[in-house]
Amino acid sequence: MLRSTIKGIAAASLVGAAFFSGFNLEAFRTRREDPLRTSPLLMASRLSEATRPKEAKARTSELAPIDTYHSVLQKILSEYGNPPTAPAELNKWRNKIRYAGIDGMVLAVGDRYTEYWNPEEFKRNMEDTQGRFFGIGAKLDVTKDKKFPMIIEPIENSPAWRAKLKPGDVIVEVDGKSALISDSQHLDDVIKRIKGEEGTKVKLGIRRGAEKKDYVFTREQVNSPVIDSWMQDDVAKIGYIRLDLFSEEADIQFGIALERLQKLGMKSLIFDLRNNPGGMLHVAQDMSARFLPGGPVTWLKEKNGQMRSLDVDITKRRGPLAQGKIPTVVLINGGSASASEIVSGAVQDGGAGFLIGTRTFGKGLVQTIIPLQDGEGAVKITTQRYYTRGKRDINTFRDESGTVTKQGGVKPDLVLVETDKDIEAQWIALRDKPFDRRAAAKYSPQIAKGIELLKGRMVGKPWPKSEKDLPDKPEKSETVSATPKTLRGIPTHAERRQPEHLAEQVKDDEK
């Protein structure tokens, strides 16, 4: 489908910024140093069937599961007749077998949001979560013909920024090898080649117009921007802020963007959460404090069934948004999930803004990341369920095929669908004018409706009657799979990764 590859509004994939894996950060911080809680039994016991004395074997009718795993693993590694011969390939082969066994164990839990991250995946996800990476520092997408990576915008004070790379510059080579996008090389693959260890060098062949020039960059730590903002209507003073991911820096970046727009005279705001897969729970709490004067942000249901509220931190209640002085429209769609649903649900339940778009993904679950000892990666385990500020259960239930059996998600106050034609027009505008951040937004019916309603609100008109409690109408809207994608790139380097939001496995939950 076109929607699985076309971005909603603007900016693109970051070199090194990917899907943020949503989790309970506080639990992560408090549990990571506890070896008894962070080391699974799989790593704690190495007793294999081959090392047992004969007497023990005779007395035991069956192997313990942990012994069975290690027995099979050791037999494969020692007896298989055609292993790779090169040391590096042999090590990869062994790890592939080990990780496949772990993946099978995690799969048997019956919760598709519980998973194991191998060391490389864990490193990448933590890099994304922290919003920092080592690279050249540029927002990337693909060219209009989808053949090469294209720079959308260099990140300020990054190597790309200092080299004066410009929007529209095309990356044709990385370290002398082609950067052509194909079935065998995706944008994700090119980004991995551009990233690397701090202080190492990478050579890029950059084409600007008809001229090609080689640049040699020293990789540096770059802070990933997850916010983009501008004055969408200069006359009516309607600001626009889009949040791509709830990273560690998201609330700080939001505050900077908000302050800048206020200095420009902003009178109302469009807050775009479309295709935002979520992120960290505490960041969603901080972000909600921007809009709400107090009270619950969300409700968490613990494993024992107890409910507790996660409230607005009144010490972080900032400025005129929370005071209701800036009318706000929040844009959502089927790619908005997890932390996006917490914030949009809190805004809706708290009467702090008006929601436009289509129903969100419906991920009312919380997950905790537990690092393992000795650099063995991490497990991401479902731990809690969450409800909106008004205690609405928004979790969507799906069967094994991904078919929805019970609809969840946050339903907007005004249901408004953007067609494939609308999305394609935005995509074309972005590539025709990569330096004009408002170009694509001009082709968005949802943004247009937001502007219309905000103009009316600023002259005293009420919001339209909310549709959130009305029966659903059949929508010719985006086709949203059970695994939502990042829809802001074509394709983004994170498209293969789920929105790892907030998760809990309960006995009646999705199987």
Side-chain angles (χ1 to χ4, degrees), residues 21 23-24 27-28 31-126 303 365-384 399-402 482-483 496-498 500 503-507 509-511:
S21 302
F23 63 94
N24 186 326
F28 166 71
R31 298 176 67 173
R32 67 183 303 175
E33 303 301 331
D34 184 352
L36 296 179
R37 300 188 68 180
T38 59
S39 299
L41 293 177
L42 178 62
M43 300 300 172
S45 175
R46 295 293 180 184
L47 181 62
S48 71
E49 185 271 344
T51 63
R52 284 180 169 228
K54 292 182 180 180
E55 294 80 7
K57 296 176 188 176
R59 291 193 302 267
T60 305
S61 60
E62 63 179 33
L63 293 172
I66 185 67
D67 292 342
T68 303
Y69 172 79
H70 285 295
S71 179
V72 173
L73 176 64
Q74 292 303 322
K75 292 298 184 186
I76 291 174
L77 297 182
S78 64
E79 302 298 331
Y80 179 66
N82 190 32
T85 55
E89 293 303 315
L90 179 62
N91 186 57
K92 288 181 182 180
W93 177 74
R94 288 171 173 168
N95 281 337
K96 182 179 179 180
I97 294 172
R98 289 173 55 227
Y99 296 149
I102 298 172
D103 287 339
M105 178 174 58
V106 173
L107 181 64
V109 172
D111 169 22
R112 58 198 175 84
Y113 298 109
T114 293
E115 61 182 7
Y116 167 71
W117 289 342
N118 66 41
E120 181 181 346
E121 292 169 335
F122 180 46
K123 178 182 177 182
R124 184 173 66 246
N125 280 298
M126 289 301 96
K303 185 177 180 180
L365 307 168
V366 179
Q367 293 177 311
T368 300
I369 294 175
I370 306 174
L372 308 179
Q373 285 182 313
D374 302 324
E376 289 289 347
V379 286
K380 181 165 62 66
I381 302 175
T382 58
T383 53
Q384 298 165 306
D399 61 21
E400 292 182 357
S401 70
T483 303
R496 296 190 300 274
R497 298 167 64 186
Q498 296 179 9
E500 334 292 7
E504 178 198 341
Q505 177 72 21
V506 293
K507 59 185 178 182
D509 201 353
E510 39 193 323
K511 299 294 183 182

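Sequential numbering from 1 along the given sequence is applied to the chain's residues.
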Minimum heavy-atom separation for [X] to [Y], with atom names?
X	Y	result
Tyr69	Gly101	CE1-CA, 3.8 Å
Leu90	Pro84	CD1-O, 3.6 Å
Ala378	Tyr116	O-CD1, 3.3 Å

Are Arg94 and Asn91 close enough that a side-chain donor and a side-chain acceptor fall under 3.5 Å? no

With heavy-atom distances below 4.5 Å as the criterion, would you say the side chains of [X] and [Y] are in contact?
X	Y	result
Trp117	Pro371	no
Leu77	Trp93	yes
Asn82	Tyr80	yes
Asn95	Asn118	no

Verify, without hydrogens or angle tests, whether Glu376 (side chain) and Gln373 (backbone) share a donor-acceptor contact under 3.5 angstrom. no

Is there a donor-acceptor pair under 3.5 Å between the side chain of Thr114 and the backbone N or O of Thr382? yes

Quick one: [atom1] on [X] to [atom2] on [Y], what's the gap to the nearest 0.5 Å?
X	Y	atom1	atom2	result
Glu115	Glu121	CD	CD	7.5 Å
Ile102	Leu372	CD1	CG	8.0 Å
Arg98	Ile76	CZ	CD1	13.0 Å

So, using side chain to side chain donor-acceptor pair (under 3.5 Å) as the criterion, who are the partners of Asp103 when residues are at least two apart? none

